[in-house]
Amino acid sequence: MESLGIERPEHIARATEHIPEMVELIQALAAKDIAYQTEDGSWYFRIARFPEYGKLSKKDFEGIEDGARVDVDEYEKDAARDFALWKAPKPGEHHWDTALGAGRPGWHIECSAMAMRYLGADIDLHAGGEDLMFPHHENEIAQSECATDKPFARHWMHVRFLLVEGKKMSKSEGNFYTLRDLLLKGHKASAIRFLLVSVPYRHQLNFTFDGLTESTNAIERLRTFYQRLKHGKWAESAADGAGSDADLAGQIRAAGEKFTAALENDLNTAEARAAVFDMVRAVNSAADAGGLLKSEVDAALGVLALFDGVFAVLEDKDAAITRSALEWAEREGRMGEAAPELLANLALSDEQIEALIEERNMARKQRNFARGDAIRKELTEKGVLIEDSKEGVRWKRK
RNA sequence: GCACCGAUGGCGAAGUGGCUAACGCGCUGGUCUGCAAAACCAGUAUUCAUGGGUUCAAAUCCCAUUCGGUGCUCCA
């Protein structure tokens, strides 16, 4: 999670610590005769009492015969689809003794109970994987709305599963990778994050190694741009061509607005991304043409800050993250899985790199290009790329 | 088998009734540069899985087919 720059939740709730809330919820349903107890002591939800059942997953249960497919090991439920709220313990099974009798919670009830406890009876947003829509989320809705008579969640976000190299990820397909696997193969954490977040959650993402390369390159472009703005010297007022693009300020503002509007439209990250790249081109172009005004640079940096508040890829933490993955591999005895060029690329520290660049700058000043190029070649071989620009010498790790 | 969702350039991917089909990567040519890199400019889908239909107008709506994802039993 941290490697990908994902923030920790404010609350992490555990089902086993919320048994009383669940019991209370089931009792509320029982008071309305929506929950009922069977002979073995389990409690079930009476789906017949919730006509809207199936509204989320667009399932139409009309015409599906109750009892057409009743499992032999099920107890005497009133209807086959009624789901368990509380399960009586099987002999020797771990259980809680509560007002409902001994037992353990059914799946579904803990989500309703904990959501209500921390977020209230009607929540704004409920997220989950597409596989949970039915029956889990459908059952959450049923038990929550019957208990409170309020809409349970105003918006649902169901994230689609990703494909890996065009196929569903599975161990038998051999395309199952953990984050650490990818880091050890030499992929950057930022590229993984950017690839995952570049396709809107509602759409299926095809996660490929080509895609990781693409993301790496796209991030490089953004970081180069960011560094250029941050470290360049820009005119305070219009002169010598700076500020000659009268339209630029408007374009930067429009990019920021388009970025926000795209995210507000069901988190359309692909469109939000596009808005930023539009701005990058416009500002780079103006910078090449005659220079930028400080005010334009500040505005563009403002849009980048907006962008990075969501995408979080501009600051280069990749080397540090990869190093900690390597430390993990070391401890686990899995260094053999690390890509050889990865070790080579991390051989030099930032200080060593900067010392070499300083030496190269001296050589170039004396027009000793042979020495300068030799240093550049050495750095390239160790995974460090050099860029000479009007704004100074920049370097980055491959 | 049934239900729901999806299929857009070499690759990834926006766009869901009407401006030249965004954006990124890649590729080709050019500008710039001591050489590079970066950056910029130009080019790169007469066409949106296939077949039919609706409409003055369809990538966008409807039907069928093909392919892919999820669910349809338990457990979380």
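Naming: A, B, ... by sequence-line order, numbering from 1 per chain.
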Provide the distance between the two C1' atoms, one in B/U8 and one in B/U50, to the nearest whole Å. 14 Å

Take A/R223 and A/E315 through the salt bridge (Lys or Arg N to Asp or Glu O under 4.0 Å) test and state the conclusion after the steps. CA-CA 8 Å; A/R223 285 182 180 167; A/E315 301 294 346; over 6 Å; no

Would you kindly give the NZ-to-P distance between A/K230 and B/A38, to the nearest whole Å? 21 Å

What distance, rounded to whole Å, do you find between the two P atoms, one in B/A49 and one in B/A13? 14 Å

Along RNA chain B (nearest heavy atom to each residue), the more 5'-positioned of A/T224 and A/G211: A/G211

I need the residues from residues 249-259 of chain A with at least one non-hydrogen atom less than 4.0 Å from RNA chain B; give them sorted by number, or say none. none

Does A/Y118 have any ring pair (Phe, Tyr, Trp, His ring centres under 6.0 Å) partners at least two apart in sequence or in another chain, and if so, which? A/H11, A/H18

Check: protein-nucleotides 23-26 of chain B nitrogen or oxygen pairs below 3.5 Å:
residue	atom	partner	partner atom	Å
B/G24	OP1	A/R221	NH1	3.4
B/G24	O4'	A/R273	NH2	3.2
B/G24	O2'	A/R273	NH2	3.3
B/G24	N2	A/E214	OE1	2.7
B/C25	OP2	A/R221	NH1	3.4
B/C25	O3'	A/N217	ND2	3.3
B/G26	OP1	A/N217	ND2	3.3

Sub-3.5 Å pairs of nitrogen or oxygen atoms, protein against nucleotides 69-71 of chain B:
residue	atom	partner	partner atom	Å
B/G69	O2'	A/E130	OE2	3.3
B/G69	O2'	A/Q204	NE2	3.2
B/G69	N3	A/R160	NH2	3.4
B/U70	OP2	A/K168	NZ	2.9
B/U70	O4'	A/E130	OE1	3.4

Judged by nearest nucleotide, the residue sitting upstream toward the 5' end of RNA chain B, A/V280 or A/V199, is A/V199

What's in the same ILVMFWY side-chain cluster as A/L385, cut-off under 4.5 Å, chained through other members? none

Looking at A/E387 and A/K396, does any basic side-chain N land under 4.0 Å from a carboxylate oxygen? yes

Restricting to nitrogen or oxygen on both sides, can you table the protein-nucleotides 15-18 of chain B pairs closer than 3.5 Å?
residue	atom	partner	partner atom	Å
B/G15	OP1	A/N268	ND2	2.8

Can you list, in residue-number order, the parts of residues 305-321 of chain A that come under 4.0 Å of RNA chain B, counting heavy atoms only? none

Measure CZ/A/R202 against P/B/A7 and give the value in whole Å, please. 14 Å

Whole-Å P distance, B/G30 and B/C35: 15 Å

Along nucleotides 30-37 of chain B, 5' to 3', which nucleotides get a B, which get an S, and which get a -, given that the test is a protein heavy-atom distance under 4.0 Å? ----BBBB

Checking ring-ring contact (aromatic ring centres under 6.0 Å, His included) for the pair A/F209/A/H187: CA distance, chi angles, key distance, verdict? CA-CA 9 Å; A/F209 289 101; A/H187 299 287; 5.3 Å; yes

If you count heavy atoms of other groups shown closer than 6.0 angstrom to NZ of A/K258, is the number above 12? yes

What is the pairing partner of B/G6, taking Watson-Crick or G-U wobble pairs with both distances under 3.5 Å in any strand? B/C67

Under 4.5 Å side-chain heavy-atom separation, chaining through any Ile, Leu, Val, Met, Phe, Trp or Tyr, what else clusters with A/V393? Say none if it is isolated. A/L348, A/I353, A/L356, A/I357, A/I375, A/L379, A/V384, A/I386, A/W395

Proximity to RNA chain B (any heavy atom under 4.0 Å), residues of residues 96-116 of chain A only: A/R104, A/W107

May I have all residue pairs that pass ring pair (Phe, Tyr, Trp, His ring centres under 6.0 Å) and include part of residues 334-385 of chain A, sequence neighbours excluded? none

Whole angstroms only, please: what is the CD-P distance between A/Q227 and B/A39? 13 Å

A/R360 bridged to A/D388 by N-O distance under 4.0 Å: yes

Whichever hydrophobic residues join A/L342 through chains of side-chain contacts under 4.5 Å: A/L184, A/L326, A/W328, A/M335, A/L343, A/L346

